[in-house]
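Shown next, in structure tokens, is the structure this report addresses.
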Amino acid sequence: LFIKFSSSFISPYDQALYRLNHYAYSERWDSVLRLLRAYPMDNWMFMNYANMALANTGQLGDKAFLYKPLGEAALMVNPNPSGLVRMLKSDINYTVGCIAESQHQAFDAQVAYHKELGIQTLKRLVQTNIILGHYEVAEKYLSLIGQTMFYKEWADKYKVFLYNDEAVLADAELGKKRKSLINDNRFAMVNGWISELEEIVTVNPDNKEAVEYLGIAYLLGKDLDAFEKFVERHYSACNSTVVPGAFQQAIVLLYNRDEEKCKSYQIDHKVMDEYVRFNEWYEKNKNKSDCKNVMAAEFGHTFWYYSKFV
């Protein structure tokens with residue numbers, strides 16, 4: 001669908017990126033994660049795909065540190081003019097509900113790389129314009145897609161939403177993203193991506209993908225002050241939402257095993273016991289030249305390791 005030339009002319013790394021893009025387009029999130037397990041997590045695009053797949057399968061707050069993230073760019077790669085990067089940024093923004101920015105990135109990818117990305121960008125432009133209520137624009141894109149042999153059925157499915165706010169809001173995917181729209185007239189991302197996430201979760205605290213992306217962003221930036229306010233708002237005692245695993249690790253570190261405070265967040269005792277073991281291992285190995293490697297072998301998948309060694 002996307003590759004117009006022989007795979008023998010591109011590197012294994014680039015082949016992996018094309019496959020990841022295809023899996024993301026097809027919403028084959030398990031295939032994304034399975035492919036990434038075969039590669040070293042040594043670049044931000046791989047990290048971005050891993051975290052997006054985790055978010056779309058409800059696992060980001062539990063498993064983000066399994067895929068060796070490195071800084072906030074592990075969630076959103078820095079700007080780059082390539083078509084794949086623009087489409088990746090569109091996909092991530094769509095996942096969390098930054099719809100205007102998702103549309104912006106998809107439009108740029110469509111203009112510059114329409115042959116490389118095929119129907120993918122047109123579909124995204126339909127989705128974002130419907131969510132934004134720009135029905136006339138969505139209708140024009142649907143008219144184009146409806147003329148194709150393979151995607152007419154898809155176009156017919158989305159025509160149901162044209163000029164029908166009630167249908168949009170009732171749809172599990174489109175409705176959640178419509179409810180997450182920020183109600184002010186400004187350029188997308190003008191205050192940065194984390195500020196955008198903060199506004200989205202304020203508008204729609206039920207947007208789990210945005211909530212977990214924001215919490216992980218605070219942890220990757222090691223901003224525990226912001227994270228503390230975040231968990232107080234989204235996972236307090238009056239909130240029945242289960243605290244994800246990585247957030248539990250951060251709470252235990254934040255409150256230094258304060259049992260009453262941890263109890264208020266219903267922290268699993270296994271997490272508290274594991275933190276005790278982490279500190280025991282660190283004290284035993286901290287003066288060794290290979291301390292970081294020793295700790296990574298046992299705790300490299302935890303926020304505790306990330307906070308101390310990354």
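A chain of hydrophobic side-chain contacts below 4.5 Å, direct or via other Ile, Leu, Val, Met, Phe, Trp or Tyr residues, connects Ile92 to Tyr18. One hydrophobic cluster holds both Tyr158 and Tyr163 under the rule that ILVMFWY side chains link at heavy-atom gaps under 4.5 Å. If you chain together hydrophobic residues whose side chains sit under 4.5 Å apart, Leu75 and Met41 fall into the same group. The hydrophobic clustering, which links ILVMFWY residues whose side-chain heavy atoms are closer than 4.5 Å, places Tyr135 and Leu169 apart. No continuous path of ILVMFWY side-chain contacts below 4.5 Å connects Val160 to Trp154, so the two sit in separate hydrophobic clusters.
Side-chain polar atoms of Glu260 and Tyr255 form no donor-acceptor pair below 3.5 angstrom. Between the side chains of Tyr305 and Gln249, no donor-acceptor pair is found at a separation under 3.5 Å.
One distance of note links CD of Glu283 with CD of Glu280; it measures 9.5 Å at 0.5 Å rounding. Rounding to the nearest 0.5 angstrom, the gap separating the CG atom in Leu214 from the CZ atom in Arg233 is 9.5 Å. Atom CG of Leu33 is separated from atom CG of Asn51 by 9.5 Å, given to the nearest 0.5 angstrom. Taken to the nearest 0.5 Å, the CD atom of Glu259 stands 12.0 Å off from the OG atom of Ser264. Of the inter-residue distances, the one linking Leu125 atom CG with Lys123 atom NZ reads 13.0 Å to the nearest 0.5 angstrom. Considering NE2 of His22 and CG of Leu35, their distance stands at 12.0 Å, rounded to 0.5 Å.
Under a 3.5 Å cut-off, the side chain of Ser26 and the backbone N or O of Tyr23 do not form any donor-acceptor pair. Proximity of a side-chain donor or acceptor of Asn48 to a complementary backbone N or O of Ala73 within less than 3.5 Å is detected. Formation of a donor-acceptor pair under 3.5 Å by the Glu298 side chain with backbone atoms of Val294 is not found in this model.
Between Tyr13 and Phe46, the ring planes are tilted. Angles from 30° to 60° get that label. Classified by interplanar angle (parallel below 30°, tilted 30° to 60°, perpendicular above 60°), the ring pair Tyr275/Trp304 is tilted. Ring pair Tyr213/Trp193 is perpendicular by interplanar angle, where above 60° counts as perpendicular and below 30° as parallel.
Looking at residues two or more places apart in sequence or on another chain, you find no ring-ring contact (aromatic ring centres under 6.0 Å, His included) involving Phe107. For Gln248, there are no side-chain hydrogen bond (donor to acceptor under 3.5 Å, both in side chains) partners at least two apart in sequence or on another chain. Shown here are the side chain to side chain contact (heavy atoms under 4.5 Å, CB included) partners of Lys288, two or more places apart in sequence or in another chain: Asn285, Asp290. Residues satisfying the side chain to side chain contact (heavy atoms under 4.5 Å, CB included) test with Lys308, not counting sequence neighbours, are Phe278, Tyr282. Checked against side-chain hydrogen bond (donor to acceptor under 3.5 Å, both in side chains), Tyr49 has no partners two or more places apart in sequence or in another chain. For Lys159, the side chain to side chain contact (heavy atoms under 4.5 Å, CB included) test picks out Leu142, Asp156, Leu162, with sequence neighbours left out. Among residues two or more places apart in sequence or in another chain, the side chain to side chain contact (heavy atoms under 4.5 Å, CB included) test is passed with Leu132 by Ile99, Gln103, His134, Leu181. With sequence neighbours left out, the side-chain hydrogen bond (donor to acceptor under 3.5 Å, both in side chains) criterion links Ser31 to Arg34. Judged as a side-chain hydrogen bond (donor to acceptor under 3.5 Å, both in side chains), and not counting sequence neighbours, the contacts of Asn56 are Thr95.
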Show your reasoning for whether side chain to side chain contact (heavy atoms under 4.5 Å, CB included) applies to Met45 and Leu20.
-> CA-CA 10 Å; Met45 288 190 72; Leu20 288 167; over 6 Å; no
Would you check, one step at a time, whether the test side chain to side chain contact (heavy atoms under 4.5 Å, CB included) holds for Met52 with Leu88?
-> CA-CA 9 Å; Met52 179 170 61; Leu88 172 59; 3.9 Å; yes
Scan the side chains in residues 65-72 for donor-acceptor partners under 3.5 Å anywhere in the protein, sequence neighbours excluded, and list what turns up.
residue, atom, partner, partner atom, Å
Tyr67, OH, Arg37, NH1, 3.4

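Using a 4.5 Å cut-off on side-chain heavy atoms (C-beta onward), Phe150 and Ile119 make no contact. Thr241 has its side chain out of reach of His234: every pair of non-hydrogen atoms, C-beta onward, lies at least 4.5 Å apart. Proximity of Asp14 to Leu84: side-chain heavy atoms (C-beta onward) are nowhere separated by under 4.5 Å. Inter-residue side-chain proximity for Gln266 and Val243 is flagged as unmet; no heavy-atom pair is nearer than 4.5 Å.
Nearest heavy-atom pair, Asn207 versus Ser180, reported as atom, atom and distance to 0.1 Å: ND2-OG, 3.0 Å. Nearest heavy atoms, Ala210 versus Ile200: CB-CG2, 3.8 Å. Listed here is the closest heavy atom pair of Lys152 and Gly146: CG-O, 3.5 Å. Ala64 approaches Ile216 most closely through the heavy-atom pair CB-CD1, 3.7 Å. Annotation for Leu219 and Ala250: closest pair CD2-CB, 3.6 Å, computed over non-hydrogen atoms. The two residues Ala106 and Ser90 come nearest to each other via the heavy atoms CB-OG, 3.5 Å.
Taking a cutoff of 4.0 Å between a charged side-chain nitrogen and a carboxylate oxygen, Glu232 and Lys229 do not qualify as a salt bridge.
Among residues at least two apart or in separate chains, salt bridge (Lys or Arg N to Asp or Glu O under 4.0 Å) pairs with a member in residues 169-182 are Asp165-Arg178, Lys176-Glu209. Evaluation of the salt bridge (Lys or Arg N to Asp or Glu O under 4.0 Å) test over residues 83-97, restricted to residues two or more places apart or in two chains, returns Asp91-Arg124.
Environment of CH2 in Trp44: sparse, with no more than 12 heavy atoms of neighbouring residues, nucleotides or ligands closer than 6.0 Å.
Between Glu196 and the choices Asn93, Ile182, Val96, the side-chain contact (heavy atoms from CB on, under 4.5 Å) rule is met once, by Ile182. Paired with Phe230 under the rule side-chain contact (heavy atoms from CB on, under 4.5 Å), one option of Val211, Asp223, Val201 passes, and it is Val211.
You'll find the ring centres of Tyr235 and Tyr265 outside the 6.0 Å limit. The ring of Phe247 has its center closer than 6.0 angstrom to the ring center of Phe227.
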